[in-house]
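Dropping the structure in here first, questions after.
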Amino acid sequence: MTKADSFSGKSLAEYAGDIQTGIGAFEVGDFDDLRMLGMAASLAVQIRGLPEIEYPVLARVSDSLFNIPTVALKPVLRTLEEVGMVRLYETGKTITKVDPEVPYFEDVYQKIGDYSSEFRLNETEQAMVRIMAELQKKPENKDRLLSRTGMESSLLDRCLAIGSESGLIADHRVRGTNRTLESCILR
């Protein structure tokens with residue numbers, strides 16, 4: 001991947017949050033660290049300013065309200081704890097309460113972005129970030145997108161399939177031209 005490596009820090013956290021929000025409950029086996037960063041950013045924004053939350057309550061609503069599967073909630077919370085955005089109360093290894101400590105006057109995405117250097121995005125994750133960055137600038141057809149990103153055609157096709165199936169990317173036919181693709185996430 002050529003240009004995708006330029007996405008790091010705050011911008012990577014913002015795209016990860018957008019992709020997580022856009023994909024929602026759609027399961028993408030190709031995504032691992034990107035989803036973790038996105039879930040952490042999304043949850044941090046949602047719990048900012050809340051009082052202590054009983055873990056079982058958060059676990060019951062995490063999937064339906066935040067698109068964070070219950071099995072992913074503990075790793076997401078541990079990530080937020082490492083970043084300093086939550087305090088976890090535990091009995092043994094069991095989380096009992098979550099105390100949101102998300103700062104009001106600091107950029108959540110900057111803090112998650114600073115932590116993102118601990119993660120190594122795979123090729124598909126990097127490609128999806130690059131594609132979303134291009135499509136958020138303006139709608140683009142597939143051939144121009146392929147040319148602008150410099151990625152392999154099969155990788156672009158995989159990302160576009162993920163985007164289309166999840167509702168993250170809209171595919172429109174335009175008379176006299178190739179398909180036009182656009183991001184369904186607005187910045």
Side-chain angles (χ1 to χ4, degrees), residues 4 7-122 124-130 132-133 136 159 162-163 165-169 183-187:
F7 292 98
S8 62
K10 181 180 177 181
S11 66
L12 177 58
E14 289 173 337
Y15 283 115
D18 288 349
I19 291 168
Q20 168 60 24
T21 300
I23 288 177
F26 187 79
E27 183 57 40
V28 181
D30 301 64
F31 293 173
D32 185 22
D33 289 340
L34 184 65
R35 292 286 304 260
M36 182 60 63
L37 289 170
M39 287 182 221
S42 296
L43 185 60
V45 168
Q46 297 298 324
I47 64 173
R48 179 187 277 176
L50 293 179
E52 282 183 3
I53 306 164
E54 296 290 327
Y55 178 79
V57 172
L58 186 58
R60 280 193 298 268
V61 300
S62 68
D63 198 8
S64 61
L65 295 181
F66 310 125
N67 290 317
I68 299 173
T70 306
V71 297
L73 184 58
K74 284 182 183 178
V76 168
L77 289 171
R78 299 226 187 272
T79 297
L80 289 175
E81 181 181 44
E82 287 183 42
V83 176
M85 291 191 182
V86 298
R87 181 172 178 208
L88 300 178
Y89 295 92
E90 301 180 73
T91 302
K93 291 283 186 184
T94 303
I95 299 171
T96 56
K97 289 183 185 179
V98 178
D99 186 7
E101 296 179 343
V102 183
Y104 278 105
F105 301 108
E106 287 184 45
D107 189 335
V108 168
Y109 294 102
Q110 184 64 55
K111 285 190 77 127
I112 298 289
D114 292 345
Y115 183 71
S116 71
S117 64
E118 300 291 319
F119 293 87
R120 295 289 171 249
L121 300 184
N122 65 42
T124 306
E125 292 171 319
Q126 291 177 33
M128 184 58 92
V129 170
R130 180 71 184 156
M132 293 307 296
Q136 285 182 343
C159 290
I162 292 167
E165 290 171 25
S166 67
L168 191 59
I169 297 173
S183 168
C184 293
I185 304 291
L186 301 175
R187 276 200 169 237

Less than 4.5 Å apart, side chain to side chain, heavy atoms only: is that true for P75 and M39?
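The answer is no; the side chains never approach within 4.5 Å.
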Do E90 and I95 have side chains that approach each other closer than 4.5 Å (heavy atoms only, starting at C-beta)?
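Counting from C-beta outward, E90 and I95 do come under 4.5 Å.
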Do Y55 and L88 come close enough that some side-chain heavy atom pair is under 4.5 Å?
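Result no, sub-4.5 Å side-chain heavy-atom pair not found.
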What heavy-atom pair brings A41 and A13 nearest, and what distance separates the two atoms?
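Smallest interatomic distance, heavy atoms only, reads CB-O, 4.3 Å.
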Drop me the distance from D114's CG to L12's CG, to the nearest 0.5 angstrom.
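If I round to the nearest 0.5 Å, the distance is 11.5 Å.
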Could you walk me through whether I112 and M85 satisfy the side chain to side chain contact (heavy atoms under 4.5 Å, CB included) test, starting with their C-alpha distance in whole Å, then the side-chain angles of each, then the deciding distance to 0.1 Å, before giving a yes or no?
CA-CA 9 Å; I112 298 289; M85 291 191 182; 4.3 Å; yes
Considering non-hydrogen atoms only, spot the tightest contact between I53 and P100 and give its length.
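Shortest heavy-atom contact: CD1-CG, 4.0 Å.
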For K111 and E106, which heavy atoms make the closest approach, and how far apart are they?
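Heavy atoms only, the tightest pair is CD-OE1, 3.4 Å.
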Considering the options V28, I23, I19, which one meets the side chain to side chain contact (heavy atoms under 4.5 Å, CB included) requirement together with S166?
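Of all the options given, the one that passes is I23.
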Do any N or O atoms from the side chain of Q20 and from the backbone of L37 form a donor-acceptor pair under 3.5 angstrom?
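A pair under 3.5 Å: no.
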Please examine the side chains of R60 and V57, heavy atoms only from C-beta on, and report whether any two atoms are closer than 4.5 Å.
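A side-chain contact under 4.5 Å exists here.
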Side-chain contact test, heavy atoms from C-beta onward, threshold under 4.5 Å: evaluate it for M132 versus D18 and give yes or no.
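Result no, sub-4.5 Å side-chain heavy-atom pair not found.
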Answer yes or no: is there a side-chain heavy-atom contact under 4.5 Å between I162 and T124?
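Yes, close enough: below the 4.5 Å cut-off.
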Reported CD-to-CD1 distance for the pair E101 and I47, which is rounded to 0.5 angstrom:
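It comes to 9.5 Å.
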Please assess T79 against M36 for the test side chain to side chain contact (heavy atoms under 4.5 Å, CB included), listing each intermediate value before the final yes or no.
CA-CA 8 Å; T79 297; M36 182 60 63; 4.0 Å; yes
Between CD on residue Q46 and CG on residue N67, distance to nearest 0.5 Å:
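If I round to the nearest 0.5 Å, the distance is 10.0 Å.
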In this structure, are over 12 heavy atoms from other groups packed under 6.0 Å from R87 atom CZ?
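Check fails, neighbour count at 12 or below.
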Could you tell me the separation between the CZ atom of R35 and the CZ atom of F26, rounded to the nearest 0.5 Å?
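Between atom CZ of R35 and atom CZ of F26 there are 9.5 Å.
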Above 12 or not: heavy atoms from other molecules or residues under 6.0 Å from NZ of K97?
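Not buried by this count: 12 neighbours or fewer within 6.0 Å.
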Testing the basics here: between S8 and S11, what is the closest heavy-atom pair and its distance to 0.1 Å?
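Here S8 and S11 meet closest at O-OG, 3.2 Å.
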Could you tell me if the side chain of T96 sits less than 4.5 Å from the side chain of E54, heavy atoms only?
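No; the side chains remain at least 4.5 Å from each other.
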Taking all atoms of both residues into account, what is the closest heavy-atom pair of S42 and T21, and its distance?
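For S42 versus T21, the nearest heavy atoms are OG-OG1, 3.7 Å.
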Any heavy-atom pair between the side chains of R130 and C159 that's under 4.5 Å?
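In short, these two side chains do not touch, never coming nearer than 4.5 Å.
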Derivation of the side chain to side chain contact (heavy atoms under 4.5 Å, CB included) call for V102 and L80
CA-CA 9 Å; V102 183; L80 289 175; over 6 Å; no
For V45 and Y109, what are the C-alpha separation, side-chain angles and deciding distance, and is it a side chain to side chain contact (heavy atoms under 4.5 Å, CB included)?
CA-CA 9 Å; V45 168; Y109 294 102; 3.8 Å; yes
Taking every non-hydrogen atom, the tightest pair across P69 and S62:
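Smallest heavy-atom distance, with atoms named: C-OG, 4.3 Å.
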Within this structure, what is the CD-CG distance for the pair E125 and D32, rounded to the nearest 0.5 Å?
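Rounded to the nearest 0.5 Å, the CD-CG separation comes to 6.0 Å.
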CG-CZ distance between L121 and F31, expressed to the nearest 0.5 angstrom:
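With rounding to 0.5 Å, CG (L121) is 9.5 Å from CZ (F31).
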